[in-house]
Amino acid sequence: MKGLLSIDVSNEQRDTPIVFIVGCGRSGTTLLQSLMNSHPNIVATHECMFVLTLYPAFGRIRNWGKKDILRFVEALDLMKIFSLWSLDKKALIAELLTASEFADYPLLCKMVYYKMRKDKKKILALIDKNPLHSIFIKKILAIFPEARFIHLVRDPRDTVNSNIKRFNKKNTFFLARKWVGFNGKIEHMKFQIPDKVFTILYEDMIINTENVFRQLCNYLEVDYNTAIMNHDFRERLQRYEGLKFYERAKMIHQNLLEPINAANIGKWKNEMSEFDRTVTEIITRKFARKYYGYDIKMVKSSMVKISLLAILKSNIQYTLWEFFTKLRFSNLKFNIYYRKKRNLFR
């Protein structure tokens, strides 16, 4: 009876739809994730990136034994998931072992997501948020063929400005190129799989919140619930007080400590230097206007000179960065080493 029960539970988890929030970083993806997690039938996790990171080492295992399960959990531990998600390691091991006879990599990953359900009874969708997933959509579909994607887009000037202000990043050329690169990858995949990608403009999400989320819930095939309008980021953040990443998360996502408001729309107008604005507009304007209708008009200034060579170099730099990023995600040990060196575990 216990075996049959574990099969039933695992089948329910296997059949739960999985959705990935994608888009360039600082486009409002954390706000979207937090709002969706407020839905009583949705688990929307804060980012960890464990699915793609662990796939090279575990994705092709067909017959999972106890040793494989234990290695998988230890790899999760390396990802800091037990502190990041406040999970009970022993409880996860026990649960995964009940499914070892019929497990595969996608099922075990979904079982990990399910541990974030807390007191939610019926789960109708699992949502994973990470901007970096934008360049891995094809690989995600290889792992979860049924996966769908919520694509969030924000005015490139506000996106680049937010990266500059919040992270003190200096390379505006690269930041603007990354905006085009991430959204370009998504648009390319959207052309191939139009039914699997739902695009939202950040500005619409903030100004027409209820209407946007009613459409999104319809796309996800879950009932709209007014709980979505009251995200719980402040409450969830408090759970991590005292841990290393608490202050960093608080600093990065200061705006999420307040109710939804339009104060962050158009901040670039007062905060961006003329140089940063010009660089961003040169690199992003055609793409932003063509795909998303952002009316970016270049305002020429005799005070700002942008060389064609710098524009070309930024394209090469981004291309090399994307190549290296995909390369490191093809090897678990190298990726873990790199993340430790760059302090990418939060």
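- Between the side chain of Arg214 and the backbone N or O of Tyr224, no donor-acceptor pair lies under 3.5 Å.
- Contact check for Thr280 versus Arg285: no side-chain heavy atoms found under the 4.5 Å cut-off.
- At a threshold of 4.0 Å, the pair Asp77-Lys89 counts as salt-bridged, since one of the basic side-chain nitrogens sits closer than that to a carboxylate oxygen.
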Would you please test Leu32 and Met205 for side chain to side chain contact (heavy atoms under 4.5 Å, CB included) and show each step? CA-CA 9 Å; Leu32 176 57; Met205 182 176 74; 4.0 Å; yes
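- Phe50 has its ring centre less than 6.0 Å from the ring centre of Tyr113.
- Rounding to the nearest 0.5 Å places SG of Cys109 at 7.0 Å from CD1 of Ile143.
- Counting only N and O atoms by type, the side chains of Tyr292 and Glu187 include a donor and acceptor under 3.5 Å apart.
- A single hydrophobic cluster is seen to contain both Val112 and Ile18, as judged by linkage of ILVMFWY side chains at heavy-atom distances under 4.5 Å, directly or through other members.
- Closest heavy-atom contact between Ser134 and Gly23: OG-N, 2.9 Å.
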Let me see the working for Asn37 and His46 under side chain to side chain contact (heavy atoms under 4.5 Å, CB included), right down to the final yes or no. CA-CA 9 Å; Asn37 194 55; His46 33 284; over 6 Å; no
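- Here the side chain of Ser27 pairs no donor or acceptor atom with the backbone of Val153 at under 3.5 angstrom.
- Looking only at side-chain heavy atoms (C-beta outward), Ile283 and Ser314 come within less than 4.5 Å of each other.
- Linking ILVMFWY residues whenever their side-chain heavy atoms come closer than 4.5 Å, directly or via other members, leaves Phe287 and Val160 in distinct clusters.
- In this structure, the side chain of Arg157 does not engage the main chain of Thr278 through any donor-acceptor pair within 3.5 Å.
- For Phe136 and Phe329, the ring centers sit closer than 6.0 Å to each other.
- Between Tyr318 and Phe323, the gap from one ring centroid to the other reaches at least 6.0 Å.
- A donor and an acceptor atom, one from each side chain of Lys110 and Thr16, are nowhere located under 3.5 Å apart.
- No side-chain heavy atom of Glu210 sits less than 4.5 Å from a side-chain heavy atom of Thr226.
- In this structure, the side chain of Asn183 engages the main chain of Trp179 through a donor-acceptor pair within 3.5 Å.
- Lys80 contributes atom NZ, which lies 11.0 Å from atom CZ of Arg339 (distance to the nearest 0.5 angstrom).
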Hey, mind stepping through Ile186 and Phe149 against side chain to side chain contact (heavy atoms under 4.5 Å, CB included) and telling me if it holds? CA-CA 9 Å; Ile186 298 166; Phe149 303 86; over 6 Å; no
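- With hydrogens and angles disregarded, a donor-acceptor distance shorter than 3.5 Å links the side chain of Tyr105 to the backbone of Val51.
- Dense packing is recorded around NZ of Lys326, with more than 12 heavy atoms of other residues, nucleotides or ligands lying under 6.0 Å away.
- Salt-bridge formation is detected for the pair Glu221/Arg148: a Lys NZ or Arg NE/NH1/NH2 atom is positioned less than 4.0 Å from an Asp or Glu carboxylate oxygen.
- For the atom pair OG1 of Thr53 and CG of Leu132, the computed distance is 8.5 Å after rounding to the nearest 0.5 Å.
- Using a 4.5 Å heavy-atom threshold, the side chains of Phe173 and Arg177 count as separate.
- Not one N or O on the side chain of Ser34 forms a donor-acceptor pair closer than 3.5 Å with the backbone of Thr30.
- Note that CG of Asp295 is 6.0 Å distant from CZ of Arg289, once rounded to the nearest 0.5 Å.
- Residues Arg154 and Glu203 are not paired through a salt bridge, judged by the lack of any N-O separation under 4.0 Å between the basic side chain and the carboxylate.
- Closest heavy-atom contact between Ile193 and Ile137: CD1-CG2, 4.4 Å.
- Of all heavy-atom pairs between Ala262 and Ile206, the closest is CA-CG2, 3.7 Å.
- Scanning all heavy atoms of the two residues, the minimum distance from Ala75 to Leu54 falls at CB-CD2, 3.7 Å.
- When hydrophobic clusters are built by joining Ile, Leu, Val, Met, Phe, Trp and Tyr residues whose side-chain heavy atoms come closer than 4.5 Å, directly or via intermediates, Leu327 is not grouped with Ile336.
- Side chain of Gln33 to backbone of Lys129: no donor-acceptor contact under 3.5 angstrom is found.
- Using a cutoff of 4.0 Å between basic side-chain nitrogens and carboxylate oxygens, Lys178 and Glu322 are not scored as salt-bridged.
- Salt bridge status for Lys66 with Asp68: absent, with no side-chain N to carboxylate O gap under 4.0 Å.
- Of all heavy-atom pairs spanning Cys217 and His39, the tightest one is SG-CD2, 4.3 Å.
- In this structure, CG in Asp276 is found 12.5 Å from CH2 in Trp268, a value given to the nearest 0.5 Å.
- Hydrophobic clustering keeps Leu175 apart from Tyr202 (ILVMFWY residues linked when any side-chain heavy atoms are closer than 4.5 Å, directly or through intermediates).
- Judged by distance alone, the side chain of Ser162 and the main-chain N or O of Thr159 form no donor-acceptor pair under 3.5 Å.
- A donor-acceptor pair is defined here as one N or O able to donate and one able to accept, closer than 3.5 Å; such a pair exists between the side chain of Lys120 and the backbone of Ile42.
- In this structure the side chain of Asp155 never reaches within 4.5 angstrom of the side chain of Ile265, judged on heavy atoms.
- Within the 4.5 Å cutoff, the side chain of Glu281 has no heavy atoms near those of the Met272 side chain.
- In this structure, Glu47 and Pro131 have side chains that are in contact, with non-hydrogen atoms separated by less than 4.5 Å.
- For Leu201 against Leu152, the heavy-atom pair with the smallest separation is C-CD1, 4.3 Å.
- The environment of OH in Tyr337 is sparse: at most 12 heavy-atom neighbours from other residues, nucleotides or ligands sit within 6.0 Å.
- Hydrophobic clustering (ILVMFWY, side-chain heavy atoms < 4.5 Å, transitive): Leu312 and Phe275 are in distinct clusters.
- The existence of a salt bridge linking Asp88 and Lys90 is excluded, since no basic side-chain nitrogen approaches an acidic carboxylate oxygen closer than 4.0 Å.
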Let's go through Phe198 and Gln215 carefully: what are the C-alpha distance in whole Å and the side-chain angles of both, what is the deciding distance for side chain to side chain contact (heavy atoms under 4.5 Å, CB included) to 0.1 Å, and is it a yes or a no? CA-CA 10 Å; Phe198 185 88; Gln215 294 179 45; 4.0 Å; yes
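- By the 4.0 Å N-to-carboxylate-O rule, Arg71 lies too far from Glu74 to be salt-bridged with it.
- With rounding to the nearest 0.5 Å, the separation of OG1 in Thr199 from OH in Tyr219 is 9.0 Å.
- With respect to Asp104, the side-chain hydrogen bond (donor to acceptor under 3.5 Å, both in side chains) criterion is satisfied by exactly one of Arg60, Arg14, Arg62: Arg14.
- Between Lys196 and Glu146, none of the side-chain N atoms (NZ, or NE/NH1/NH2) sits under 4.0 Å from a carboxylate O, so this pair counts as no salt bridge.
- Considering only heavy atoms from C-beta on, Asp128 stays 4.5 Å or farther from Val19 through its side chain.
- A salt bridge between Asp158 and Arg26 is absent, with no side-chain N of the basic residue lying under 4.0 Å from a carboxylate O of the acidic one.
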